[in-house]
Amino acid sequence: MSIKINVRVLTFICCYCISIVMSYGQNKEGQDKESDDNQKSVFFILEKDRDGDYQDKESSYINNKIVDINSVLQIDLDLGTITSKIEDNTTGLPAGIGEKINKLTFALKDRKNALKVFDSLLGTYNYDDFKKNPDLNKEWASAMQKSAMIVVNLWDVSSYIASGDDGNADPLPGPTYERAQIELERMTKEVEDFAEKQGVYVQFGAWLYKKNNQNTALHIPGFDSIKPQTPYQVERWRILPTTEQLAQLQDASALAQENKDAGLSVLKKAIDVQVKQLEGVVTGQFNLLVDSLSQEVKQVVDDRIGPIITDLDALKTKINSFKSSVKERISYYENLTVNSQTSVIQVLTHIEGDVNFIENDGKALLAQATKLYDDIKATISDAAILEGLAENVKNHFKTWLDATLEKTNISKIKELLQGTPVDFELLKFSDKVFKLSLKDLPKQADLDLYSTGVRQDGDRIAFKFEVATKEKTIYTENREVYMFRILPHIESTVGVIFADPLARTNVQTQFQMAPYYNLILKGLWDQKLRRESVTYNKIFNWGIGLHISAPDFDGDDVPELGTGLVVSILNDYVQSGIAINVFTGDPYWYFGLRLPIPSFNIGSIPTSSN
């Protein structure tokens, strides 16, 4: 029996060594690539959500740009990558030491899995069967090759790992890992001692960055003495309306009562507001001011006036083209017949297009007017009247553009679609953020989002990591992480719907306005998409739920109770469904709108996270 065991062990060692030789060259390139991929960031973020799914799907929860708004963020610092950044910007460290630390750290973290594979393969080895069937032996050796490379790559890190102090190589993984651990500790101490002598320190901070661009410094355990925010949990299962929503529901009821027989004509009134904003462009004093400037320019006798006349003519042409486009947009609204949900959605698209047009072309006009003023001021310094008229043109354009964009609220629309970039230059470390040496640097910390204070869907956590000395900043890494309600949750919305009875009633128009309160279930089927796309969370997320409204189909001015189902799409911009009037038994279909345009703001009011 003892002879048989020795044969098995000997065979294992031989096959193991053969597999090393066979696979060394073939797999080295792939392992090096994996090593490079692991050095892209100095810190990693593992999201641990409250439902605990990350434990089973860990790979999809690492370094996501989107996390659930109530999660815990486990932050892991990568000493190897930090070392590489120091190595790139200083002198005195051994070449490639950061990469070696990375490789050893990764291998030692995976040691348990690697040894488990070795044990499993060893347990399946059968000398007698392999002798009878050589193909089985080749399959076993091939499987061993893949596992062997994890250990073989460690031999490249240092001669000590490859053969130890006595120079005797040991192919078994156990001694290799033991030497790798010793070497990692030695290299780590070498880097820490070097950094301390060079005065290298690390600062790491986080801020809650809200949609209104306000930011609040957050506490990361071990990295600062900042006081944690008051614990706050964004509710997932709110059923009852908030105090704010109750007030909004009263406003919606008053609006519906006032316009209950207006049908969709109330939307036409809202569109008229948009038309008036556009008409303000056509009736503005752009041409009058430019004509005054043009008359004054003609009276200037100066060889230098030629380019200015050319620029002035180009500005007049641009103004006329701009006004022509505005007239076409006004014509669309004047010829519009609002008679269905589809046309309303089309109107939303047109209004957003108008806003983008005014912003882009308006800024181009302002740029031309500003350049004209600057050229006149620089070229003809003794023409005070001419300079004053040009300044009036520039200031008029700026005042008009600022006022128009404020009315159309372009920033809100842009934020809705794209989000505003985090200005990391404005995020400065306070004196409460520690300057940590590499010896004192925590390798891991948990940021519980409960401790970040009041927050809403779409708010972000901004991270800043810096390695510096007294003389200079060696390395800076910035990261932003969006927060949304990813896990299954209920969102409630309040507003007005347009209800269309499917039976004979006293409703005098096709649609009757009525207040509603919807409870919409989200995040049950689309968590993967919610974790992958900011746009999906801001625009395309959908849900189904319970609809409650108060129509007045019998026309007695006493609201009735309607209940049914609702389907919400486009982030609740459009909600539609079918319901039944509980008091009269009349079925009806309906749609509600939540449009992000101040001049066209009819529809649902979402749950407030405040």
Side-chain angles (χ1 to χ4, degrees), residues 237-242 244-246 248-249 251-253 255-256 259-260 262-264 266-267 270 338-349 351-352 416-417 457-458 484-485 488-502 510-526 529-530 535-551 559-582 587-597 600-609:
W237 307 110
R238 177 180 287 277
I239 303 298
L240 299 177
T242 63
E244 181 184 7
Q245 285 182 316
L246 289 174
Q248 293 164 348
L249 192 56
D251 294 340
S253 298
L255 177 65
N259 298 278
K260 69 175 184 177
L264 289 180
V266 69
L267 297 180
V338 180
N339 56 13
S340 69
Q341 179 183 358
T342 302
S343 63
V344 173
I345 297 174
Q346 291 173 350
V347 169
L348 171 61
T349 303
I351 290 178
E352 289 184 347
L416 174 73
L417 297 176
D457 286 329
F484 291 98
R485 280 175 287 182
H489 63 280
I490 288 177
E491 291 188 32
S492 58
T493 58
V494 174
V496 292
I497 58 165
F498 295 86
D500 181 13
L502 300 177
Q510 180 184 5
F511 292 97
Q512 182 188 79
M513 289 182 66
Y516 77 82
Y517 181 70
N518 287 342
L519 294 173
I520 304 170
L521 176 62
K522 296 185 177 183
L524 193 60
W525 306 277
D526 56 353
L529 284 171
R530 288 175 178 273
T535 302
Y536 182 87
N537 284 281
K538 291 189 173 210
I539 300 295
F540 300 110
N541 81 82
W542 64 282
I544 61 174
L546 176 65
H547 166 79
I548 303 173
S549 60
E560 295 128 25
L561 175 65
T563 63
L565 298 176
V566 60
V567 176
S568 171
I569 60 175
L570 298 180
N571 201 26
D572 305 332
Y573 294 163
V574 178
Q575 300 180 61
S576 183
I578 191 165
I580 188 168
N581 188 320
V582 175
Y588 61 96
W589 79 274
Y590 64 89
F591 69 91
L593 300 170
R594 178 167 67 88
L595 307 182
I597 310 293
F600 202 66
N601 193 21
I602 295 177
S604 65
I605 304 163
T607 302
S608 173
S609 296

Inter-residue atom distance [X].[atom1] - [Y].[atom2], 0.5 Å rounding:
{"X": "Trp542", "Y": "Lys522", "atom1": "CH2", "atom2": "NZ", "result": "10.5 Å"}
{"X": "Ser492", "Y": "Leu546", "atom1": "OG", "atom2": "CG", "result": "11.5 Å"}
{"X": "Ile520", "Y": "Ile544", "atom1": "CD1", "atom2": "CD1", "result": "10.5 Å"}

What is the minimum heavy-atom distance between [X] and [Y], and which atoms define it?
{"X": "Pro551", "Y": "Gly562", "result": "CD-N, 4.0 Å"}
{"X": "Ile490", "Y": "Arg485", "result": "O-NH1, 4.2 Å"}
{"X": "Tyr517", "Y": "Ile239", "result": "OH-O, 2.7 Å"}
{"X": "Tyr588", "Y": "Pro501", "result": "CB-CA, 3.8 Å"}
{"X": "Tyr590", "Y": "Val566", "result": "OH-CB, 3.2 Å"}
{"X": "Ala550", "Y": "Ala514", "result": "O-CB, 3.8 Å"}

Would you say the side chain of [Y] lies within less than 4.5 Å of the side chain of [X], judging by non-hydrogen atoms?
{"X": "Asn537", "Y": "Asp457", "value": "no"}
{"X": "Leu519", "Y": "Trp237", "value": "no"}
{"X": "Tyr536", "Y": "Phe484", "value": "no"}

Worksheet, complete the sentence: Tested for side chain to side chain contact (heavy atoms under 4.5 Å, CB included) against His547, the lone hit among Leu565, Thr493, Asn518 is Asn518
